[in-house]
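Everything on this sheet refers to the single structure shown next.
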There are 2 protein chains.
Amino acid sequence: MVTDSRTRLVEAAQQLFAQQGVSATSPRDVLAASGVGQGSLYHHFPTKHDLALAAVAATAAETLEAARGRLQGDAAPLDRVVAYLERPRDALGGCRVGRLTADQAVVDDDGLRAEVAGYFTGLIDEVAAVLRETGLDADAALDRARACVAIIQGGYVLARATQDPELLRSAVRGFVALLTGPATA
Amino acid sequence: MVTDSRTRLVEAAQQLFAQQGVSATSPRDVLAASGVGQGSLYHHFPTKHDLALAAVAATAAETLEAARGRLQGDAAPLDRVVAYLERPRDALGGCRVGRLTADQAVVDDDGLRAEVAGYFTGLIDEVAAVLRETGLDADAALDRARACVAIIQGGYVLARATQDPELLRSAVRGFVALLTGPATA
DNA sequence: GTCTATACAGAGATAGAC
DNA sequence: GTCTATCTCTGTATAGAC
C-alpha cells in the first residue's frame with residue numbers, strides 16, 4: 001500500500017519544521033517536498049495551522065517515546081539518566097521540539113504550544129521518576145530532572161551558535177561530572 | 001539632542017528581534033516601531049541584512065557586558081557564579097541572543113552567527129575564568145562553564161514551552177545544588 | 001480526493017522628488 | 001537625509017473543474 005497523501009504531507013511538514021521551524025515553512029514548501037498537489041493539501045488540512053498541529057503533535061509524540069525507551073531498562077537508575085544525557089545527538093540541527101519554543105507564532109498558539117509543553121513535562125516526569133529510584137526526594141528529583149532536560153536544550157543552543165557539536169558534548173560532560181559526584185568527577 | 005534616525009532604527013529592531021526574532025520581523029515593522037520613514041531606513045541600511053547585523057551586534061555586546069559586570073566583584077568566585085545563575089530573568093521572553101539560534105536564517109548567515117557565537121564564547125570564557133579561581137583545572141572549568149551557560153539557555157526553553165517561569169528557576173536550583181555540592185545540597 | 005487557476009496581502013526593495 | 005509612490009515575489013488561501 002502506497003503512503004497516502006495525508007501521511008506524506010505530515011511527514012514532509014515534520015521534516016521541514018525540523019529544519020526551518022513552523023513560521024518559516026510555507027504550504028508551498030510542504031507541497032514541493034511531499035510531491036502532493038495543492039488541492040490535496042487544502043482538502044486534508046483547511047489551513048496551515050491544521051497541518052502544523054498534526055506535524056508538531058507527531059514529532060512531539062515520536063520524540064517522547066524514543067526518550068522513554070532510553071530511560072527504561074535494567075541498568076542502574078543514575079546510569080540510565082547518564083546514558084540518556086550522553087546519547088549522540090544532531091547537535092547542529094538542534095532539538096526538533098525545543099527549537100519550536102523560539103518561534104513566537106508557536107508559543108502564541110495554544111494548540112501548538114500544548115504539544116510542545118506536553119513533550120517537556122512528559123520527559124521531565126520520566127527523568128524525575130528515574131531519579132527518585134536513586135533515593136532522591138520528590139522535590140529535589142524534580143529540580144534535578146528539569147536541570148537534566150535543560151542542559152540538553154542549552155547544549156543545543158551553544159552548539160548551533162558556534163556551529164560546533166563539541167559544545168553540546170562539553171556542557172553535558174560538565175553536568176554529568178557534577179551529577180555523578182566526586183566519585184566519578 | 002534628539003536621537004537620530006539611525007539610532008532609533010537600531011533600537012526598534014533590537015526590541016522587535018527580541019520579541020519575534022529576525023526572520024519574523026519585517027522592515028515595515030521596524031519603520032512603524034521607530035517612527036522613521038522608509039527612505040531613511042534604506043538610506044542608512046541598504047538591506048534588511050545590514051540592519052539586522054547592526055541590531056544583533058548591539059544586543060550581543062550589551063548582553064555580554066551586563067553579564068561581565070555581574071561575574072566580576074569582590075565576592076567568592078563560586079558565589080559570583082551562583083549569583084549570575086540565580087539572577088532574575090525574563091523567563092517567558094527568553095534570551096535575546098540565545099533565541100536567535102533557532103532562526104535558521106541567522107545561523108546560515110556568517111555575519112549574524114558570528115555575533116551570536118561571540119556572545120556565547122565570551123560569556124563562557126568569563127565564567128570559566130571565575131571557575132578557575134576556585135582551583136578547578138582548565139578543562140574541567142571549561143566543561144563546567146559551558147554547563148552553566150547551557151542550563152540558563154535550556155531553562156528558558158522549558159519556561160517558554162510551558163509558559164511557566166518556575167521551570168527556569170527550578171532547573172537552575174537543581175543545577176546549583178549540584179554545583180555547590182553536598183555542603184549546600 | 002485531486003487538479004489547475006486565480007486572488008490578495010505582505011515582505012523586501014527601488015525610483016525619483018524634495 | 002528624508003519623503004511618497006511603486007514594483008516584484010512569496011505566503012496563504014479560494015474557486016471550480018475533473
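Each chain gets a letter, A, B and so on, in the order its sequence line appears, and its residues count up from 1.
- The distance between atom CG of B/Asp29 and atom C1' of C/dG10, rounded to the nearest whole Å, is 10 Å.
- For A/Arg99 and A/Gln19, the side-chain atoms include no donor-acceptor pair closer than 3.5 Å.
- Listed nucleotides: D/dT12, C/dT2, C/dG12. Nearest to the side chain of A/Ser40: C/dT2.
- As a whole-Å value, the separation of A/Tyr42 OH from C/dT6 C1' is 13 Å.
- Separating the CG atom of A/Leu41 from the P atom of C/dC3 is a distance of 11 Å, rounded to the nearest angstrom.
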Quiz prompt | salt bridge (Lys or Arg N to Asp or Glu O under 4.0 Å) assessment of A/Glu166 paired with A/Arg169 | solution = CA-CA 5 Å; A/Glu166 166 62 9; A/Arg169 290 192 297 265; 3.3 Å; yes

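- Between B/Leu51 atom CG and C/dA13 atom C1' the separation is 14 Å, expressed in whole Å.
- Remark: P of D/dC18 and CD of A/Gln38 are 18 Å apart, rounded to the nearest angstrom.
- Neither OP1 nor OP2 of C/dG12 sits under 4.0 Å from any side-chain N or O of B/Thr47.
- No donor-acceptor contact under 3.5 Å links the side chain of A/Arg28 to the base of D/dT10.
- Atoms CG and CG, on B/Leu85 and B/Leu168 in that order, are 10.0 Å from each other to the nearest 0.5 Å.
- Checking D/dT2, D/dT12, C/dA13 against every side-chain atom of B/Lys48, the shortest atom distance belongs to C/dA13.
- Remark: C1' of D/dG11 and CD of A/Gln20 are 13 Å apart, rounded to the nearest angstrom.
- Counting to the nearest Å, the P atom of D/dA17 and the NE2 atom of A/His43 are 18 Å from each other.
- Summarising the geometry, the separation between CG on A/Leu31 and C1' on D/dA13 is reported as 12 Å, rounded to the nearest angstrom.
- Distances shown here put a side-chain N or O of B/His44 below 4.0 Å from the OP1 or OP2 atom of D/dT2.
- Of all heavy-atom pairs spanning A/Glu126 and A/Leu71, the tightest one is CG-CD1, 3.8 Å.
- One finds no side-chain N or O of A/Ser5 lying less than 4.0 angstrom from the OP1 or OP2 phosphate oxygen of C/dG1.
- Of all heavy-atom pairs between A/Tyr119 and A/Ala60, the closest is CD1-O, 3.7 Å.
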